[in-house]
Amino acid sequence: MSIVRVALDIPLSTLFDYTVSEVVAVGQRVIVPFGRRLMVGVVMECVATTDMAPERIKSVQQVLRDSAPLSVGLLDLLRFCSDYYRYPIGQTVLSALPTRLRSDKPVISRAILSYRLSASGAALDLDALPKRKVVQRRILAKLAEQPCNLAQLKNLSATAGKQLKALVAEGWVEQFSLSPSPSPACGGGEQKHTFDNAHTLTGEQQQAVDAVRAARGYACFLLHGVTGSGKTEVYVHLMHEVLLRGGQVLLLVPEINLTPQLEQYFRSRFSDVSLISLHSGLSEGERLHNWQQAQAGTAQVVLGTRLAVFAELPGLALIIVDEEHDSSFKQQDGLRYSARDVAIFRANQRGVAIVLGSATPSLESYHNAQSGRYRMLKLTGRALAEARLPAMRCVNINQTVMHHGISENLLREIGQRIARKEQSLLFINRRGYAPVLMCTGCGWLSGCKNCAGKMVLHLNDQRLRCHHCGYQLHVPHACPSCGNADLHPVGSGTQRVESVLQERFPEARILRVDRDSTRNKRAWQAMREQIHANEVDILVGTQMLAKGHDFPALTLVGVLNPDSALYSSDFRAAEKLFAQLVQVAGRAGRADKPGEVLIQTAFPDHPLFHALQTHDFEGWAASQLAERQMAGFPPFIYQAMLRAEGKNETEVYAFLNLARAAAVEMRYAVETLGVVPAALPRRANHIRAQLLIQSAKRKDLQQFLRAWQPLLDAIPSRQIRWSLDIDPLEF
Ligand code: ADP
Ligand code: ZN
Ligand code: ZN
């Protein structure tokens with residue numbers, strides 16, 4: 001009899017002890033009784049003794065040997081995440097696994113099938129096959145060279161799966177199983193693959209590749225390259241290098257919607273390479289299958305969204321985080337991790353290089369690169385000599401005729417594009433920025449008198465509140481600066497965009513693209529095809545459209561309402577806006593036609609627009625960092641947010657006030673701010689509020705949180721849901 005300590009999906013920060021009569025490895029999945037249920041858990045430790053009374057300890061019901069145990073390295077990574085993000089260890093471990101591995105039903109894992117020619121297939125004369133069966137011929141030719149798995153065959157064509165079935169049905173191809181082995185198939189050995197070395201690297205690209213290649217062990221690089229500078233090309237060359245050595249590459253991207261395109265792109269660059277994707281858009285079966293291929297080491301490239309950072313990768317040799325600044329790397333519920341930050345920890349843990357790529361790095365990463373903690377790699381020019389950065393212009397909305405949120409100037413430009421059969425994109429900034437009050441007379445803004453924050457307008461009780469420090473006052477009847485009574489929330493009113501467009505351009509084909517319309521993979525694919533076929537004249541969309549899509553006929557981008565982000569109560573709003581506008585501008589004029597960007601704003605002289613127009617990220621970042629340092633905001637300070645919500649306002653605030661009192665009493669080297677309403681103070685009939693803790697040192701904050709959390713657990717809070725968010729991005 002030995003004792004195992006098991007991680008279970010239970011909201012308690014502890015492991016659970018069980019006896020077991022057979023030999024079990026750390027990382028093995030087990031089924032154990034818990035209360036009156038049976039649950040799946042993961043063995044975290046094998047120990048000799050337990051504090052539990054012998055009559056209370058139960059025994060493991062079953063050891064699941066249907067999948068290889070999790071590696072000690074992955075368990076260490078999860079332990080770190082549980083500790084750093086203050087999330088129960090069991091829930092951390094279980095939430096990192098594909099759903100199928102969390103269920104107590106035995107996983108019927110598909111063996112990783114490989115395909116080879118049958119005797120009759122080998123005897124086949126390819127030239128005798130009908131000409132139109134292009135894909136089938138390609139598959140047969142490939143298999144004549146060597147057996148392949150499905151992922152490799154998919155590099156040949158998107159329909160390879162279907163055609164392969166047909167070939168199997170014909171009896172020309174047979175499948176055989178290569179069961180996932182716990183020991184990696186890769187690592188060490190020299191591997192050959194076909195690499196489509198399409199471009200000679202530019203000098204800057206070559207320098208970047210050389211720098212990463214020269215790194216021994218852990219090193220973190222920030223690849224800062226303007227849009228179109230060829231960052232992807234740098235990734236491809238680095239990957240090639242790693243694949244030659246037989247290593248695995250983890251490539252993290254922000255959006256699910258981008259993975260099929262990227263998948264196809266990388267497949268086309270590396271035929272023969274086994275590339276799999278991991279994201280929440282996969283079916284449970286696919287996700288398990290892909291995860292197991294990564295675990296077995298048969299997947300050479302893992303392309304995925306944030307959850308892929310927890311994939312088993314026995315041969316990991318390089319991590320790339322594309323669009324590292326993107327906030328979708330941060331999980332907003334459950335284990336609130338930043339996949340970028342976890343990836344950096346992981347690279348360090350494994351002693352491998354990591355490359356963070358972006359045209360607009362996060363100020364955190366940029367600051368780290370400047371201070372020498374990361375190494376800066378720059379691509380300053382566009383890779384294609386003829387490609388120009390788009391021209392950017394501001395339209396002053398106070399000095400032009402506006403039609404429900406669209407300026408006359410913009411409408412005129414759109415009309416010209418329609419006449420030239422080119423496309424326009426209207427970009428609506430729809431992030432739920434909390435409204436800030438502005439005077440239309442003198443430009444006064446409702447700033448907080450105590451801190452660098454902006455006061456947020458709360459219409460229901462006619463108050464202005466600072467979400468940073470908690471200071472509040474009644475909405476003034478007139479501007480405190482000039483006496484004007486015309487006070488308005490900044491930047492609102494784009495609801496009627498589509499009807500204005502329809503009225504002005506009755507013949508135009510207008511397509512709305514937002515998160516809802518792109519959630520469905522097929523619908524989004526169909527839309528992209530429509531856009532590519534130039535069957536759309538005007539695209540109206542939110543940040544979804546800003547990312548990585550190449551629409552060759554698109555020559556005009558109109559930015560409708562950026563202003564709310566300029567003077568937002570969220571100190572990161574301007575940083576996000578800059579990144580979004582650079583990205584959305586990158587959509588215009590990628591092909592031979594020059595692009596133009598029109599920004600509608602009441603503040604055409606704002607430094608952000610100035611920096612955008614002169615493509616001056618450095619200058620912008622420097623001024624932002626100086627502001628952040630003055631105001632005491634990240635990256636010069638580390639933050640943790642305690643959020644609470646519940647039906648009863650008094651209880652929510654009582655909980656947070658008790659939490660605050662406890663924090664103050666502890667006298668750690670942290671600053672405890674005021675209890676304030678959340679940016680969205682009421683959601684689905686729940687009152688939401690929050691409390692910010694910050695410290696100049698990450699370590700001090702971590703020490704404080706470790707001591708504070710048990711006190712939070714002890715506050716009676718039956719009707720309340722609360723959570724800790726470390727390094728929060730949303731305010
Ligand atoms: P980024 O990811 O930085 O926005 P991409 O990698 O997509 O840029 O490159 C932009 C365009 O330039 C692509 O069409 C790419 O094929 C091309 N390109 C990249 N590197 C080179 C190079 N060294 N020579 C020629 N073309 C290149
Ligand atoms: Zn005023
Ligand atoms: Zn304040």
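All residue numbers in this chain count up from 1 along the given sequence. In each ligand, atom 1 is the first atom listed, and ligand 1 is the first ligand listed. Note that the structure is predicted; figures quoted are calculated from it, not measured.
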Open item on the list: Could you tell me, atom by atom, which parts of ligand 1 come under 4.0 Å of a heavy atom of Thr202?
Closed with: 23 (N)
TODO: Please identify which atoms of ligand 1 are closer than 4.0 Å to at least one heavy atom of Thr232.
DONE: 2 (O), 5 (P), 6 (O), 7 (O)
Task: Gln300 side chain vs Val249 backbone, donor-acceptor pair below 3.5 Å - done: no
Task: From His224, Gln370, Glu324, residue fulfilling side-chain hydrogen bond (donor to acceptor under 3.5 Å, both in side chains) relative to Ser365 - done: Glu324
Task: Ring center gap for Phe310 and Tyr337 short of 6.0 angstrom - done: yes
Open item on the list: Can you give me the closest heavy-atom contact between Ile319 and Ala343, atom names plus distance?
Closed with: CD1-O, 3.6 Å
Open item on the list: Looking only at distances, can you tell me whether any N or O atom of Gly225, backbone or side chain, sits closer than 3.5 Å to an N or O atom of ligand 1?
Closed with: no
TODO: For atom 16 (O) of ligand 1, state which one of Glu233, Glu323, His199 supplies the nearest heavy atom.
DONE: His199
- [ ] Could you tell me which atoms of ligand 1, counted from 1 in the order shown, lie closer than 4.0 angstrom to a heavy atom of Lys231?
- [x] 1 (P), 2 (O), 3 (O), 4 (O), 6 (O), 8 (O)
Task: Side chain, backbone, both or neither: Thr200 near ligand 1, heavy atoms under 4.0 Å - done: backbone
Open item on the list: At less than 4.0 angstrom from any non-hydrogen atom of Leu201, what atoms of ligand 1 do you find?
Closed with: 23 (N)
TODO: Kindly assign one of parallel, tilted or perpendicular to the pair Tyr567 and His606, based on the angle between their ring planes and the thresholds 30° and 60°.
DONE: perpendicular
Task: Sub-3.5 Å N/O-N/O distance, Gln205 and ligand 1 - done: yes
Task: Close aromatic pair by centroid cut-off 6.0 Å: Tyr366 and Tyr374 - done: no
